[in-house]
Amino acid sequence: MPRVYISDPRGKQYRKRNEGDLNAAATEVKNGISLRKAAENHSVHYSTLQRWVKANGKRRTIGGQTVLDADMENMIVERLVKCAEWGYPMDTMDLRMIVKHICDKKGIVIKRFKDNMPGHEFALSFLKRHAKSITPRICQNIKRARAAVSPEQIDNYFNNLEVSIEGVPSSNIINHDETNLSDDPGRSKVIAKKGMKYPERIMNSTKSATSIMFAVSGDGDGHFYINV
């Protein structure tokens, strides 16, 4: 988890201003009224109004500011979600590499980052800021052929199966299943859309495996064997 800053209760408490008053005062400034006069008219502090006008109505968060602006971070979130939907989810290292590439391309040098490479805590803080859209999940690896099967194809299969086995004795209906125990590369945490239960990564590479076969008829007679 990223570090969570807990403010000292004895410290200075920032006073929250009404954005409506600030916007109204900023409008008067644009119409030619001085900053001090507009601040006095709407009971806001002069320096607060000055910063508000300079920031063009965008409120800065208290404390340190993010490396990338909100629009850029939202764009990255959209790309992460889209990659996960395509079957190529990214992990926190990919996220850090993306931020480094953006900073290098824009000529931004972040002194807190070593060689402009954000640390692991940056990725955790990024996920926390956008917890409503993305979340880290454990993904499972599947082949491209399995990923290409759509829900409509599965529904059509069972609809046709229902017609095909009508009137067939249960002893003649055999369900055969295979479980594959392979030297899988392993599952890892990736960034996926909020609410996605089973994120998947498409991988065509395979290794040696052991297949366990199960065959059970509709009347309860079952068989089990191993195929290496």
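Model, not experiment: these values are computed from the prediction.
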>> Is it the case that the side chain of Ser34 and the backbone of Lys37 share a donor-acceptor pair, with hydrogens and angles ignored and the cut-off at 3.5 Å?
In response: yes
>> Can you confirm whether Lys30 sits close enough to Val53 that some side-chain heavy atom of one is under 4.5 Å from a side-chain heavy atom of the other?
In response: no
> Under 4.5 Å between any side-chain heavy atoms of Phe126 and Ile76, yes or no?
Replying inline: yes
>> Donor-acceptor pair, distance only, cut-off 3.5 Å: does the side chain of Asn172 make one with the backbone of Val168?
In response: no
>> Is the shortest side-chain heavy-atom distance between Val67 and Pro118 below 4.5 Å?
In response: no
> Any chain of hydrophobic side-chain contacts (each under 4.5 Å) joining Ile154 to Val163?
Replying inline: no
> Does Ile108 reach the side chain of Ile102, with side-chain heavy atoms less than 4.5 Å apart?
Replying inline: no
> For Met75, does the CE atom sit with more than 12 other heavy atoms under 6.0 Å from it, leaving out its own atoms?
Replying inline: yes
> Is there a donor-acceptor pair under 3.5 Å between the side chain of Gln153 and the backbone N or O of Ser150?
Replying inline: yes
> Can you tell me if Asp94 uses its side chain to pair, donor with acceptor, with the backbone of Asp91 under 3.5 Å?
Replying inline: yes
> Taking atom NZ of Lys100 as the centre, does the number of heavy atoms from other residues, nucleotides or ligands within less than 6.0 Å exceed 12?
Replying inline: yes
> Has Glu166 got more than 12 heavy atoms of other residues, nucleotides or ligands less than 6.0 Å from its CD?
Replying inline: no
>> Around atom CE of Met97, are there more than 12 heavy atoms from other residues, nucleotides or ligands closer than 6.0 Å?
In response: no
>> Looking only at side-chain N and O atoms, does His45 offer a donor or acceptor that is under 3.5 Å from a partner on Gln50?
In response: no
> Between Ala38 and Ala25, which heavy-atom pair has the shortest distance, and what is it?
Replying inline: CB-O, 3.6 Å
> Between Lys105 and His101, is any pair of side-chain heavy atoms under 4.5 Å apart?
Replying inline: yes
> Is there a side-chain contact between Glu28 and His42 (heavy atoms, below 4.5 Å)?
Replying inline: yes
> Just how far is it from atom OG of Ser133 to atom CG of Asn74, taken to the nearest 0.5 Å?
Replying inline: 7.5 Å
> Is there a donor-acceptor pair closer than 3.5 Å between any side-chain N or O of Thr27 and the backbone N or O of Asn23?
Replying inline: yes
> Is Arg129 close to Thr66 at the side-chain level, that is, under 4.5 Å between some pair of heavy atoms?
Replying inline: yes
>> Strictly distance-based, threshold 3.5 Å: is any side-chain N or O of Asp104 a donor or acceptor partner for the main-chain N or O of Asn116?
In response: no
